[in-house]
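Everything on this sheet refers to the single structure shown next.
In this chain, residues are counted from 1 in sequence order.
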Amino acid sequence: MEAFSAGTLAGAGSFRCDSCGFAIALHERDEVPSCPTCGGRRFRRASLFGGGGAPDPAQSVEGPPAWLEEARDALVSDGDYLAFETDDRVQVVPLQDGWTRIGRSLSAHVRFDDPTVSRRHALVYRDDSGARVLDDRSLNGVFVGGERVEHHELGDGDEIAIGRFRLYFLSLSGRGARKPQGIGSAVG
């Protein structure tokens with residue numbers, strides 16, 4: 001087998017089989033394997049913008065998923081959150097002040113083990129003035145509301161596309177949070 005030697009970092013990134021479109025992720029010195037699906041030996045750098053494989057996030061016009069309002073209603077504290085679905089499970093991650101890393105890397109706060117996601121795909125920065133998402137030199141880009149962005153100020157309900165995943169920014173401040181059951185306020 002020969003090592004793949006093209007790209008910004010030799011061989012690093014996502015690739016698709018020329019024959020069947022199967023996606024693989026390679027690191028800088030990985031050998032190019034045979035395709036586990038069809039046995040093909042030719043791969044091309046994968047992109048969400050070209051044909052085959054992953055959907056183009058710019059074409060996403062489905063609207064918010066049904067689970068999003070349920071996830072919002074379940075939140076009990078004010079704050080900012082990222083909500084997303086993986087493996088048929090809805091996950092809601094509270095955002096702390098500072099940086100939140102999103103990617104395929106083991107060091108990412110929000111990790112997606114998927115070839116359409118770069119190891120260092122995106123960053124979300126949160127402080128008193130709000131939250132913003134930044135593309136962290138990803139291969140396939142970061143999209144907010146179907147538009148590719150380098151950086152973008154986030155608003156409540158914004159859809160962020162990272163690879164094949166859709167994350168939703170939720171911002172609760174008094175109006176959206178509810179009190180946990182069993183805690184009441186004194187009236188007097």
Is there a donor-acceptor pair closer than 3.5 Å between any side-chain N or O of [X] and the backbone N or O of [Y]?
| X | Y | value |
| --- | --- | --- |
| R166 | E159 | no |
| H121 | G141 | yes |
| N140 | G163 | no |
| R104 | V117 | yes |
| S118 | L139 | yes |

Listing, residues 82-96 side-chain donor-acceptor contacts under 3.5 Å, not counting sequence neighbours, or none:
unit_1, atom_1, unit_2, atom_2, d
E85, OE1, W67, NE1, 3.2
T86, OG1, Q91, NE2, 3.0

Taking atom [atom1] of [X] and atom [atom2] of [Y], what is their separation to the nearest 0.5 Å?
| X | Y | atom1 | atom2 | value |
| --- | --- | --- | --- | --- |
| E153 | F169 | CD | CZ | 9.0 Å |
| L123 | T100 | CG | OG1 | 8.5 Å |
| Y81 | R126 | OH | CZ | 9.0 Å |
| H151 | Y125 | NE2 | OH | 15.0 Å |
| R120 | R101 | CZ | CZ | 9.0 Å |

Give the C-alpha distance, both sets of side-chain angles, the deciding distance and a yes or no for side-chain hydrogen bond (donor to acceptor under 3.5 Å, both in side chains) between D80 and S171.
CA-CA 4 Å; D80 295 331; S171 183; 2.7 Å; yes

Nearest heavy-atom pair of [X] and [Y]: which atoms, and what distance?
| X | Y | answer |
| --- | --- | --- |
| D135 | R148 | OD2-NH2, 4.1 Å |
| A108 | I102 | CB-C, 4.3 Å |
| L75 | L170 | CD1-CD1, 4.1 Å |
| D127 | D97 | CA-OD1, 3.9 Å |

Verdict with supporting geometry, D158 and R132, salt bridge (Lys or Arg N to Asp or Glu O under 4.0 Å):
CA-CA 11 Å; D158 278 351; R132 51 204 143 293; over 6 Å; no

Same cluster or not: are L172 and L68 linked, directly or through other Ile, Leu, Val, Met, Phe, Trp or Tyr residues, by side-chain heavy atoms under 4.5 angstrom apart?
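Looking at the clustering, L68 is in the same group as L172.
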
Say whether F165 and I160 are linked into one hydrophobic cluster, either directly or through other cluster members, by side-chain heavy-atom distances under 4.5 angstrom.
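Same hydrophobic cluster.
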
